[in-house]
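Read through the structure below, which is laid out as structure tokens, and then see the notes.
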Amino acid sequence: MNNKTLVLVFLIGGSILSALILRNGELLLVAMPFLVYLIVGIVQAPGDISLTANRIIDKAGVSAEEPFETRIVVRNQGSRLINLAFDDMLFPTMTILEGKANDRLSLPAGESAELNYVSKAGRGVYSWKTIHAYASDPFGLFEIERHIPAAGEIIVRPIPIHIHPPPLKPRSTLHAAGPIAARLAGSGTDFWGIREYRAGDSLRRLNWRLTARHPRKLFTNEYEREEIADFGIILDARRITSDDALEEALFEHAVSAAASLSENFLKKGNRVALLIFGESITTLFPGYGKKQLNSILRNLARARLGANVPLGHLEYFPVQLFPSQSQIVMISAVEARDLETYARLGAFGYDVLLISPDPVDYTARMLPMTEINALAVRAARVERVILLKRLLKMGIEVIDWQVTKSLDAILQDSARRILHRRNM
Amino acid sequence: MKAHSIVLNFFLVTTAGCLGIGYILGGYWWILPVLLAMVIFLAPTKNRSAFWLASSLLVAYVALAIIGVILNLSVYLMVSGCTFALACWDLIHFGQSLDDNAPHGFVMSFERYHLKSLVTAAFTGLLLAFIGLSINLHFSFGALVFFVLVAMGCLAYGVQFIVKNR
């Protein structure tokens, strides 16, 4: 019994009761229209709902805040439903841009109605199992509620950051042709060295100048071999501070960076593994190609911030996840107690590159510029610089990323600096 | 303007007219500021959460009609007023549930069906009430209570019967 029926029953009851108390038969007649209204409602109330629904989402996956269209076709396989309402569940992070996620209509037997809306959503995996349907008499007095199966899913990927392939040069490469200079002689484009000619060497690669200087001897140019490499991406999904808004904003940037880097590495043919480290831990073993990229994006879409567990747990992960000497790209805001783990990762033979979204800079932009705030920000900045310098001393390459600035420019610049330092 | 809005406006005027004329004919002019206050309270029912406001006004209206019957004002006008007030209350709720819906075929068919059912219910109710007024039967209080209880029992049984047999 809904509120409308309750009001009617109250009015009918009130009129009858006042007629009895005042012993006035005419008062009974005041209740008559309400009584007839109720009876008409009862007579026309639906018996049951026999509906089928089909949900069609125009895209399997979109980027965050990119619009997508949902179409739900509802078919009435039973008798005529005079007053049918259906509404689709909207997640809190979804916004409707066009159309409506609910409708009320009269649906004859065998006919179909369509619910159509365009919406956008924040990063995540959204799945629906049913659509909510209510059928009632024309006055909406007696309602039947059903969940009609209408399954559908959409993956909303992180917002992509446009970055060029970072010129990273891991110490170890896999023996398959790729884009990374392998520090070995082979078939590439960069000059590597000269050796004496061996039978089978291409004549195109002969070094004629040296050959001319040494009669009866031939010399061949060698080029640096270009191979693919193993990349491991670790996304830190731990809450470091109690400022939820700050954490969420920085985490979104970190997720976008992880997605864009993975896409870049995989497009160049490299092997990429993923670890999302937080209260719940997600691992994705090394893999290549589009399938791996889809898996990574799906996992990143699901990634959520969790409790602050010690980073030291990383040491217990299987070696297969990040093969020895692979390049690890860690995306973390970093805190003092993590230093030991970074040192251990370095000691295990990994090339660790830390991309650290700067929480101090982000907070400073949000705070009103008072004298106390300025001092606090300055102190926090000093603390962070010391922390990052200690990491640099341990041999960890650090990129201090102020998220308001383009990651691409910072990454290219830092990668070049790292290469230059290594070559010195 | 949608069909139900036109019908609603017509019923609103009729509702206010029935109660106003009934009371004024009896010499109770104080009904005019009361009606004015009710109209002022009715204005916010354009909002979505106005169901309880409209319901309270309906309850107030029925209470005034009952007082009118007790004051020996025209029962025909009081009962007609209650019927049209019921129709207004229903249409306010209906308008809210239809709000923002694109007027495609199935929605328009729903609106037509609703209006047809409402008009049928309202006029059947009025007709039965007028028939009841023209028939002059005298019962003792005990018999009246007995008939009311029997009628309520029949209604409850009828509801259960209809619901079970669907």
Side-chain angles (χ1 to χ4, degrees), chain A residues 3-4 6-8 10-20 22-48 79-85 99-100 102-108 111-114 116 137-142, chain B residues 51-52 55 58-59 62-63 65-66 69-70 75 78-79 82-83 86-87 89-90 93-94 97-98 100-102 104-118 120-122 124-130 132-133 137-139 141 144-145 148 151-152 155 158-159 162-163 165-166:
Chain A
N3 291 337
K4 213 176 165 185
L6 278 177
V7 172
L8 272 184
F10 173 74
L11 288 171
I12 294 168
S15 308
I16 292 173
L17 209 64
S18 56
L20 289 176
L22 299 166
R23 300 178 75 174
N24 186 340
E26 283 176 340
L27 286 179
L28 274 179
L29 298 173
V30 174
M32 191 58 82
F34 300 97
L35 210 57
V36 173
Y37 182 86
L38 191 67
I39 289 167
V40 170
I42 292 166
V43 170
Q44 297 198 56
D48 201 5
S79 54
R80 182 191 178 101
L81 294 168
I82 298 159
N83 184 354
L84 172 68
K100 278 182 77 183
N102 53 49
D103 206 356
R104 187 176 283 275
L105 42 81
S106 175
L107 195 61
E111 293 278 349
S112 306
E114 207 176 286
N116 212 331
D137 57 281
F139 306 135
L141 297 174
F142 303 97
Chain B
F51 172 75
W52 286 111
S55 300
L58 177 70
V59 171
V62 173
I66 289 172
V69 174
I70 295 165
V75 182
M78 296 301 118
V79 172
C82 282
T83 310
L86 170 70
W89 171 73
D90 173 87
H93 189 245
F94 177 71
S97 69
L98 267 193
D100 297 339
N101 269 351
H104 55 79
F106 293 136
V107 175
M108 281 158 78
S109 132
F110 170 49
E111 190 181 19
R112 266 200 310 274
Y113 209 97
H114 183 98
L115 288 178
K116 212 157 60 175
S117 303
L118 180 65
T120 310
T124 312
L126 260 185
L127 190 72
L128 288 176
F130 290 168
L133 275 173
L137 292 174
H138 291 277
F139 298 109
F141 181 71
L144 190 67
V145 171
V148 165
M152 296 303 283
L155 187 68
V159 171
I162 289 167
V163 169
N165 285 286
R166 273 182 190 281

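Throughout, protein chains are lettered first and strands after them, A, B, ... in sequence-line order, and every chain is numbered starting at 1.
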For [X], is it the side chain, the backbone, both, or neither that has a heavy atom closer than 4.5 Å to a heavy atom of chain A?
{"X": "B/His114", "result": "both"}
{"X": "B/Val75", "result": "side chain"}
{"X": "B/Leu127", "result": "neither"}

Checklist line | Main-chain N/O of A/Ile42 paired to A/Asp137 side chain as donor or acceptor, under 3.5 Å | finding: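 Checked: no pair found.
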
Next item on the list: Under 4.5 Å heavy-atom distance to chain B, tell me which part of A/Ile82 shows up: side chain, backbone, both or neither.
Entry: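 Both the backbone and the side chain of A/Ile82 come within 4.5 Å of chain B.
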
Item checked: Which atoms of A/Ser79 approach chain B - backbone, side chain, both or neither, heavy atom under 4.5 Å ->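 For A/Ser79, there is no contact with chain B at all, as no heavy atom is under 4.5 Å.
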
Check: Going through the checks in order, is the side-chain contact (heavy atoms from CB on, under 4.5 Å) test met by B/Phe130 and A/Leu29?
Finding: CA-CA 8 Å; B/Phe130 290 168; A/Leu29 298 173; over 6 Å; no

Note to self: If we define contacts as heavy-atom pairs under 4.5 Å, which of A/Asn83, A/Leu22, A/Val40 has the most with chain B?
What the structure shows: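 Winner by heavy-atom pair count: A/Asn83.
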
Notebook entry, point to check: So which of A/Leu35, A/Ile39, A/Leu20, A/Leu28 has the biggest tally of heavy-atom pairs under 4.5 Å with chain B?
Noted result: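 Between A/Leu35, A/Ile39, A/Leu20, A/Leu28, the count favours A/Leu20.
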
Quick one: which of [options] has the most heavy-atom pairs under 4.5 Å with chain A, could you say?
{"options": "B/Leu118, B/Leu126, B/Asp90, B/Ile70", "answer": "B/Asp90"}
{"options": "B/Ala87, B/Cys82, B/Ser55, B/Ser117", "answer": "B/Ser117"}
{"options": "B/Leu58, B/Thr120, B/Ile66", "answer": "B/Ile66"}

Checklist line | Passing option when B/Phe94 is tested against B/Tyr113, B/Phe110, B/Trp89 for ring-ring contact (aromatic ring centres under 6.0 Å, His included) | finding: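 Result for ring-ring contact (aromatic ring centres under 6.0 Å, His included) with B/Phe94: B/Phe110.
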
Notebook entry, point to check: Any idea which heavy atoms bring B/Gly125 and A/Met32 closest together, and the distance?
Noted result: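 That closest heavy-atom pairing would be O-CG, 3.6 Å.
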
Checklist line | Nearest heavy-atom neighbours spanning B/Leu86 and A/Pro33 | finding: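 Distance-wise, the nearest heavy atoms are CD2-O, 3.7 Å.
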
Check: Given side chains that start at C-beta, do those of B/Ser109 and A/Glu111 come closer than 4.5 Å, heavy atoms only?
Finding: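 Side chain of B/Ser109 against side chain of A/Glu111, heavy atoms only: no contact under 4.5 Å found.
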
Check: Below 4.5 Å, heavy atoms only, C-beta onward: do A/Leu8 and A/Phe139 meet side chain to side chain?
Finding: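 Not in contact.
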
